[in-house]
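To start, the structure itself, in structure tokens.
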Amino acid sequence: MSTHFHIAVLEGDGIGPEVVAEGVKVLRTVAARLAGVAFAFTAYSVGAGEYRRHGDPLPAATLESLRGADAILLGAMGLPDVRWPNGVEMTPQIDLREKLDLYSGVRPIRLYDEAHSPLRGYSANGTGRHIDFVIVRENCEGLFSERLTPRPAGRDFESDTLKITRRGAERICREAFKLARRRRKHCTLVDKANVLPSMAYFRRIFDEVARDYPDVTTDRVYVDAMALYLVQRPDSFDVMVTENMFGDILSDLGAGLIGGMGLAPSADIGDDHAVFQPSHGTAPTIAGRGIANPIATILSVAMLLEWLDHPETVRGARLIERAVENVLADPANRTADLGGVVSTAGMGNLVCQALS
Ligand code: ATP
């Protein structure tokens, strides 16, 4: 008898539908190679487009349905010209993290081809220096914590609060240490503990949690210095844990190191639910042209399969990663962001061919 997994699919806005189509195509292809597991997909309309049509970017009924899914695959959400009256964009993907308590933002940064990086001297495989680290971003508090708090009108200032709770810091640090244990056993705290009391508190909790993982080595780096080190010596990092906004910024920097947003997958994981999506946004300037790179979404599908934690889905995750490695090993297989001519669908097809 097969184990059935129900996958909720949220294409979203901009390039979301284009890259999600390739992610689903790859998931269906790999599923055919797995024994004893079956997938059912249900699509839901969420995002700026849904707001335009019905006035709510994340309808309550949809949220309830998402709670029943085994995993959620998301494209990208928000459009620059669809905004709330206070001027900020629709961000249902951030609302989802908070409502489903997806506190752990896992963002692997791995170089697949030397030529993709603006840095010199980093190889994808074999000998030499590698770029292969994971940013673990706290997703539910930090500088985003008061973003939805109503503000009195007419003030001549606005402020945002960087809130760190013991519970929030402890659980994200624990996730980072657990991940480091499965990798090269090194965990770096990225903070601003020299200036901000909230960050000094985060550091105290990191140090407490570190005592439970004596086999994992640690270091502590200020976020401004980390921006420098990521360019100078990205190979010296394994897992890094940080607050919400710092993680947001550093994951784009990390994506830049490996060839751009089209190559950077992510997972937003809680204790009961998880959303898998490329790290990138809706890229409205290239939407609808069939040129977006779907690799970030395809690698997010691999993360989804790994998270489902069935021996066959975990095998599927490895098959997708290997297929992506094989496809990207050929310099002819490049989408426009990497200087090539392969279309979004063409790249999805190449990964499917490599799988079969
Ligand atoms: P958000 O704030 O929602 O994260 P953003 O404004 O930071 O979004 P993105 O939409 O992530 O921006 O795009 C950043 C840059 O990367 C843009 O130049 C965009 O065209 C490019 N980009 C993003 N995703 C892809 C992709 N899948 N393929 C090719 N280029 C991409």
Side-chain angles (χ1 to χ4, degrees), residues 10-26 46-51 57-58 73-84 87-97 105 107-110 112-113 116-118 135 137 139 142-144 147 244-268 275-303 324 327-328 333-348 350-351:
L10 316 183
E11 302 178 332
D13 308 303
I15 60 171
E18 298 165 57
V19 292
V20 162
E22 301 316 306
V24 170
K25 191 197 280 178
V26 168
V46 173
E50 175 60 21
Y51 171 81
L58 177 59
L73 177 65
L74 190 153
M77 288 173 185
L79 291 172
D81 55 339
V82 184
R83 291 177 185 259
W84 296 112
V88 302
E89 277 185 38
M90 314 270 136
T91 51
Q93 71 282 21
I94 300 177
D95 305 342
L96 257 183
R97 288 173 201 155
R107 290 153 173 236
I109 299 292
R110 180 182 159 195
Y112 277 87
D113 186 308
H116 292 172
S117 183
I135 297 169
R137 165 186 178 183
N139 261 345
L143 194 52
F144 287 18
R147 69 191 181 92
N244 208 337
M245 183 71 175
F246 295 171
D248 189 22
I249 297 167
L250 291 180
S251 46
D252 275 31
L253 200 168
L257 299 177
I258 56 162
M261 300 307 296
L263 291 162
S266 88
D268 297 316
V275 170
F276 300 84
Q277 66 172 121
S279 286
H280 61 72
T282 51
T285 55
I286 59 166
R289 294 166 54 195
I291 59 169
N293 189 344
I295 292 292
T297 309
I298 291 168
L299 290 172
S300 302
V301 166
M303 294 179 82
V324 168
V327 168
L328 293 180
N333 299 335
R334 298 287 180 269
T335 40
D337 52 324
L338 297 170
V341 295
V342 177
S343 68
T344 309
M347 185 56 86
L350 285 167
V351 175

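Just so you know, ligand 1 is whichever comes first in the structure, and atom 1 is the first atom listed for that ligand. All values derive from a computational prediction rather than experimental measurement. All heavy atoms count here, side chains included; hydrogens, waters and symmetry mates do not.
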- Task: Name all pairs fulfilling the side chain to side chain donor-acceptor pair (under 3.5 Å) condition that reach into residues 258-267, sequence neighbours left out, sorted by first residue then second.
- Result: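 Side chain to side chain donor-acceptor pair (under 3.5 Å) check on residues 258-267 returns no pairs.
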- Query: Heavy-atom distance under 4.5 Å between the side chains of H280 and N293, does that happen here?
  - Reply: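 No, too far: nothing below the 4.5 Å cut-off.
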Can you give me a line-by-line list of nitrogen or oxygen pairs between ligand 1 and the protein shorter than 3.5 Å?
unit_1: ligand 1; atom_1: 10 (O); unit_2: G281; atom_2: N; d: 3.4
unit_1: ligand 1; atom_1: 10 (O); unit_2: T282; atom_2: N; d: 3.3
unit_1: ligand 1; atom_1: 10 (O); unit_2: A283; atom_2: N; d: 2.9
unit_1: ligand 1; atom_1: 11 (O); unit_2: G281; atom_2: N; d: 2.6
unit_1: ligand 1; atom_1: 27 (N); unit_2: H280; atom_2: NE2; d: 3.2
unit_1: ligand 1; atom_1: 27 (N); unit_2: N293; atom_2: O; d: 3.0
unit_1: ligand 1; atom_1: 28 (N); unit_2: N293; atom_2: N; d: 2.9

- Residues D95 and R147 bridged, charged N to O under 4.0 Å: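 Yes.
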Okay, side chain of [X], backbone of [Y]: is any donor-acceptor separation there less than 3.5 Å?
X	Y	result
S117	L257	yes
N244	N139	yes
E18	G288	yes

